[in-house]
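A short worksheet on the structure shown next.
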Amino acid sequence: MDLVIRDAQVVDGTGTPSYRADVGVTDGRISEIRGEGDGPRPTAARVVEADGLALSPGFIDMHAHSDLALLRDPEHSAKAAQGVTLEVLGQDGLSYAPADDRTLAEVRRSIAGWNGDGSDIDFDWRTVGGYLDRLDRNFGGQGIAVNAAYLIPQGTVRMLAVGWDDRPATDAELAHMRELVAQGMTEGAVGMSSGLTYTPGMYAKDAELTELCRVVAAHGGYYCPHHRSYGAGALQAYEEMVRLTRDAGCALHLAHATMNFGVNEGRAPDLLALLDDALAGGADISLDTYPYTPGCTTLVAMLPSWASEGGPESVMTRLADDETAERIRHHMEAVGSDGCHGVPIEWDTIEISGVGDPDLSAYVGRTVAESARLRGEEPWVTARRLLVEDRLGTTILQHVGHEENVRQIMRHRVHTGGSDGILQGDKPHPRAYGTFPQYLGRYVRELGILSLEECVAHLTSRPAGRLRLPDRGYVREGYRADLVLFDPATVAAGSTFEKPRTLPVGVPHVLIDGRFVVEDGKRTSVLAGRAVRGGGRPAV
């Protein structure tokens with residue numbers, strides 16, 4: 001064998017009690033698991049003494065925003081150091097394939113707050129297959145830091161076929177979208193995402209989404225919506241997604257399934273009851289969450305959808321017009337814009353976490369309300385100025401969550417982990433660097449919300465099952481040696497809201513295909529990640 005990990009506490013992903021064993025690796029796969037007293041100990045060219053460290057499958061981040069980060073950063077320690085061995089990209093209905101020259105420019109502008117403007121990236125692809133191929137041949141053909149799967153972004157598909165208009169798609173446009181989704185699935189996507197509080201994807205009505213979900217289902221994929229509200233009307237928005245996917249016969253994975261804002265305090269049981277009823281009725285549902293209360297998005301996302309119709313340049317034009325800007329303010333502060341989930345915005349909950357223009361860095365780390373007080377002006381005046389001067393590239397933290405909701409949802413039997421990690425900005429959300437150690441340290445060891453074995457199952461085998469991966473998610477003979485060695489007694493997120501880019505502790509070794517991407521707590525130069533493609537072909 002190439003490697004033996006000796007005396008590990010194997011937490012195998014099944015949720016059953018851990019056990020002591022030696023684990024052998026050959027040619028990138030787990031070749032032998034030998035428990036205590038099961039005969040002669042295996043030997044190998046290299047032996048790592050685990051000394052009781054937990055050995056688990058690699059963690060799967062079901063909601064990642066590393067679409068460009070994987071192409072620009074060979075280390076990608078934000079995820080590799082956590083033990084993440086696979087990320088799911090293309091989230092929230094907006095990413096970079098499929099596209100043409102026009103839509104690529106538009107989507108780059110739209111999500112610059114998530115991924116940067118991409119000026120450092122050679123966008124030499126236009127299709128889903130082309131993007132996945134690019135991941136494989138990145139960094140001179142070496143690959144990428146961790147494995148990556150891709151969801152077809154429904155908002156980008158609508159941008160390509162319909163544009164930025166708030167109207168129903170024509171029959172021809174819907175047929176074009178169906179073709180784009182089918183092509184993307186055939187080329188290796190694992191499903192389709194939506195961002196139904198983001199333009200232009202939010203302009204799609206249920207009938208349009210149902211038709212696209214039917215295509216996804218025919219190719220064995222799943223639908224991953226950021227649904228229409230996480231605030232006022234959140235429960236109705238969840239119900240809409242359950243109903244829509246059941247009509248389409250499509251598996252459903254609820255993105256960052258939270259219940260936020262004051263209107264939803266204590267309402268996690270209502271969501272879980274809805275899911276339990278649907279599951280009992282035969283629905284195929286899973287969800288992901290991050291173990292923190294604040295959310296993270298862009299400042300422009302808070303605007304009402306009508307203000308974003310036409311695309312980024314139309315937004316800038318409206319913000320420049322005083323009368324229109326006042327109408328935007330009224331919708332945000334008095335009515336509750338759909339961009340802010342139907343809840344009137346509270347500027348003291350909106351913290352600036354990143355700006356595209358370094359000259360605006362003084363705003364970072366302060367709420368809009370705080371910056372407005374320092375400037376002696378109303379919060380909307382400050383927000384409007386920032387949107388215009390930063391050309392819509394501003395990222396925010398939104399402090400609107402509830403801890404008890406977070407804890408109750410993470411206990412659910414279809415729960416998985418997703419960081420929703422935006423890596424841009426001077427002060428990103430700490431979940432980007434800390435989600436998985438935060439689960440293991442705070443919610444397992446410190447609070448006892450989940451047992452170690454149950455938590456590992458949430459982070460490994462459950463997401464592997466949703467992605468239909470036949471050889472990942474468990475410590476089993478024949479499975480890929482995507483493995484994490486961590487110390488249950490010390491593992492913890494190092495990242496905080498004050499120092500969000502701090503790496504975790506207690507995760508000394510991470511392997512992908514049996515190769516050490518983290519060794520003795522340090523990132524190696526190994527690029528073992530590849531594109532993980534879905535089955536793609538239509539079901540017979």
Side-chain angles (χ1 to χ4, degrees), residues 10-18 54 56-63 86 88 190-191 221-227 230 234-235 237-239 241-246 249-260 264 266-292 401-420 435-436 438-440 442-445 447-470 472-476 488:
V10 177
V11 188
D12 63 7
T14 63
T16 57
S18 61
S56 81
F59 305 136
I60 298 175
D61 188 343
M62 287 296 285
H63 193 103
L86 193 158
V88 184
V190 294
Y222 68 93
Y223 181 42
C224 180
H226 164 130
H227 51 273
Y230 291 82
L235 201 62
Y238 282 113
E239 289 172 343
M241 295 299 101
V242 171
R243 181 176 62 254
L244 184 157
T245 49
R246 295 202 73 176
C250 187
L252 172 64
H253 180 84
L254 296 166
H256 37 60
T258 58
M259 294 287 283
N260 287 339
N264 288 317
R267 297 197 68 195
D270 298 337
L271 168 61
L272 300 180
L274 166 67
L275 298 181
D276 286 337
D277 286 347
L279 289 163
D284 183 358
I285 301 174
S286 55
L287 59 88
D288 66 67
T289 70
Y290 46 84
Y292 300 87
H402 305 286
E403 178 68 19
E404 187 54 36
N405 283 351
V406 170
R407 294 184 188 189
Q408 291 195 41
I409 293 169
M410 74 169 61
R411 293 189 185 106
H412 198 271
R413 66 187 186 279
V414 300
H415 170 266
T416 69
S419 70
D420 196 11
T435 285
F436 295 87
Q438 178 83 341
Y439 270 119
L440 296 166
R442 177 165 172 75
Y443 288 94
V444 171
R445 184 181 64 249
L447 298 177
I449 302 300
L450 297 167
S451 71
L452 177 62
E453 291 85 355
E454 184 181 12
C455 185
V456 166
H458 286 222
L459 308 180
T460 59
S461 61
R462 286 188 190 174
R466 167 52 71 216
L467 295 168
R468 300 189 178 185
L469 302 177
R472 304 177 198 260
Y474 295 98
V475 180
R476 285 179 177 167

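Throughout, numbering of the chain's residues begins at 1 and tracks the sequence. The shown structure was predicted, so the numbers you read here are calculated from the model rather than taken from an experiment.
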Could you go step by step and tell me if R476 and D12 meet the side chain to side chain contact (heavy atoms under 4.5 Å, CB included) rule?
CA-CA 7 Å; R476 285 179 177 167; D12 63 7; over 6 Å; no

Output, in order, the C-alpha distance, side-chain angles, deciding distance and verdict of side chain to side chain contact (heavy atoms under 4.5 Å, CB included) for R462 and I60.
CA-CA 9 Å; R462 286 188 190 174; I60 298 175; over 6 Å; no

Under the criterion side chain to side chain contact (heavy atoms under 4.5 Å, CB included), I'd like the reasoning laid out for H412 against L279: C-alpha separation, chi angles, the key distance, then a yes or no.
CA-CA 12 Å; H412 198 271; L279 289 163; 3.7 Å; yes

Verify side chain to side chain contact (heavy atoms under 4.5 Å, CB included) between T258 and N405, making sure each step is shown before the conclusion.
CA-CA 7 Å; T258 58; N405 283 351; over 6 Å; no

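Nearest heavy-atom pair, A457 versus P463, reported as atom, atom and distance to 0.1 Å: O-CD, 4.0 Å. Heavy-atom minimum distance, G13 versus T460: CA-OG1, 3.7 Å. The two residues C455 and L440 have their closest heavy-atom pair at SG-CD2, 4.1 Å. Nearest heavy-atom pair, D284 versus A251, reported as atom, atom and distance to 0.1 Å: OD2-CB, 3.4 Å. Taking all atoms of both residues into account, the shortest heavy-atom contact from Y230 to N264 is O-ND2, 3.3 Å. Of all non-hydrogen atoms in V475 and S56, the two that sit nearest each other are CG2-C, 3.9 Å.
Using a 4.5 Å cut-off on side-chain heavy atoms (C-beta onward), L287 and I409 make contact. Using a 4.5 Å heavy-atom cutoff, the side chains of L254 and L275 are in contact. Counting only heavy atoms from C-beta outward, the side chains of Y238 and M259 approach each other to under 4.5 Å. The side-chain heavy atoms of T435 and P291, taken from C-beta on, include a pair separated by under 4.5 Å. Counting heavy atoms from C-beta on, the side chains of H415 and R411 never come closer than 4.5 Å. Counting heavy atoms from C-beta outward, D276 and R413 have side chains that approach closer than 4.5 Å.
Checked by atom type, the side-chain pair H458/Y439 shows no donor-acceptor distance below 3.5 Å.
Between the side chain of R472 and the backbone N or O of L86 there is no donor-acceptor pair closer than 3.5 Å. At distances below 3.5 Å, at least one donor-acceptor pair connects side-chain atoms of R445 with backbone N or O atoms of P488. No donor-acceptor distance shorter than 3.5 angstrom exists from the side chain of E453 to the backbone of P17, with no hydrogens or angles considered.
Atom NE2 of H256 and atom OG1 of T289 lie 11.0 Å apart (nearest 0.5 Å). Expressed to the nearest 0.5 Å, how far CG of L235 lies from CZ of R267 amounts to 5.5 Å.
A side chain to side chain contact (heavy atoms under 4.5 Å, CB included) with Y222 holds for exactly one of I285, L467, L252; it is L467. Under the side chain to side chain contact (heavy atoms under 4.5 Å, CB included) rule, H253 has a single partner from M241, H63, M62, which is M62.
Comment: R243 does not engage E239 in a salt bridge, judged by the lack of any side-chain N to carboxylate O separation of less than 4.0 angstrom.
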